[in-house]
Undergrad: 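Quick one: the structure is below, questions incoming.
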Amino acid sequence: MAGTSLGGRLYRQIKRHPALIPMIGFIGLGMGSAALYLLRLALRSPDVCWDRKNNPEPWNRLSPNDQYKFLAVSTDYKKLKKDRPDF
């Protein structure tokens with residue numbers, strides 16, 4: 001086993017046990033989904049500030065109509081009115 005690559009060992013295990021193919025597929029799908037969700041959080045979340053010089057507080061620029069949650073089940077953001085002062 002020494003000197004063989006990880007891909008070679010994985011290929012041999014899949015060849016011996018073809019039932020591993022769906023499990024590897026679902027694990028890959030889960031890892032890809034988690035990576036995409038973390039990327040979305042880093043780029044679209046109002047809590048993350050990448051440019052502190054031009055926009056030091058991005059959460060203050062959100063209007064009440066902006067949907068910043070990933071999934072809003074019962075809230076219609078188009079009908080919300082502004083209830084806080086501008087700073």
Side-chain angles (χ1 to χ4, degrees):
M1 282 276 174
T4 60
S5 68
L6 182 64
R9 281 191 271 165
L10 183 65
Y11 178 72
R12 276 186 286 165
Q13 286 292 328
I14 290 174
K15 200 167 182 168
R16 282 188 212 152
H17 308 287
L20 291 175
I21 294 171
M23 184 183 72
I24 292 171
F26 283 118
I27 288 174
L29 181 69
M31 289 172 58
S33 299
L36 287 175
Y37 182 67
L38 286 175
L39 185 66
R40 182 194 179 275
L41 281 177
L43 297 176
R44 307 260 310 157
S45 177
D47 298 328
V48 178
C49 181
W50 290 97
D51 186 13
R52 300 198 102 169
K53 185 177 179 184
N54 295 327
N55 192 9
E57 297 176 343
W59 49 89
N60 283 337
R61 288 193 181 182
L62 288 176
S63 70
N65 297 338
D66 291 338
Q67 179 181 352
Y68 57 90
K69 289 187 174 184
F70 185 69
L71 179 66
V73 178
S74 62
T75 305
D76 187 15
Y77 284 92
K78 294 179 180 148
K79 295 181 181 177
L80 293 178
K81 295 184 170 102
K82 188 172 185 177
D83 61 349
R84 53 189 179 257
D86 288 328
F87 290 108

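These numbers come from the heavy atoms of this one structure, side chains and all, not from hydrogens, waters or symmetry mates. If you're wondering where the values come from, they're calculated on a predicted model, not measured in any experiment.
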Undergrad: Under the rule for side-chain contact (heavy atoms from CB on, under 4.5 Å), what residues qualify as partners of Leu20, not counting sequence neighbours?
TA: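 For Leu20, the residues satisfying side-chain contact (heavy atoms from CB on, under 4.5 Å) (neighbours in sequence not counted) are Gln13, His17, Met23, Ile24.
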Undergrad: Please check if Met31 and Ile14 belong to a single hydrophobic cluster, counting links between Ile, Leu, Val, Met, Phe, Trp and Tyr side chain heavy atoms closer than 4.5 Å.
TA: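 In one cluster with Met31: Ile14, yes.
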Undergrad: Quick check on the hydrophobic clustering: are Leu43 and Leu36 connected, directly or via other members, by side-chain heavy-atom contacts under 4.5 Å?
TA: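 No, Leu43 and Leu36 fall in different hydrophobic clusters.
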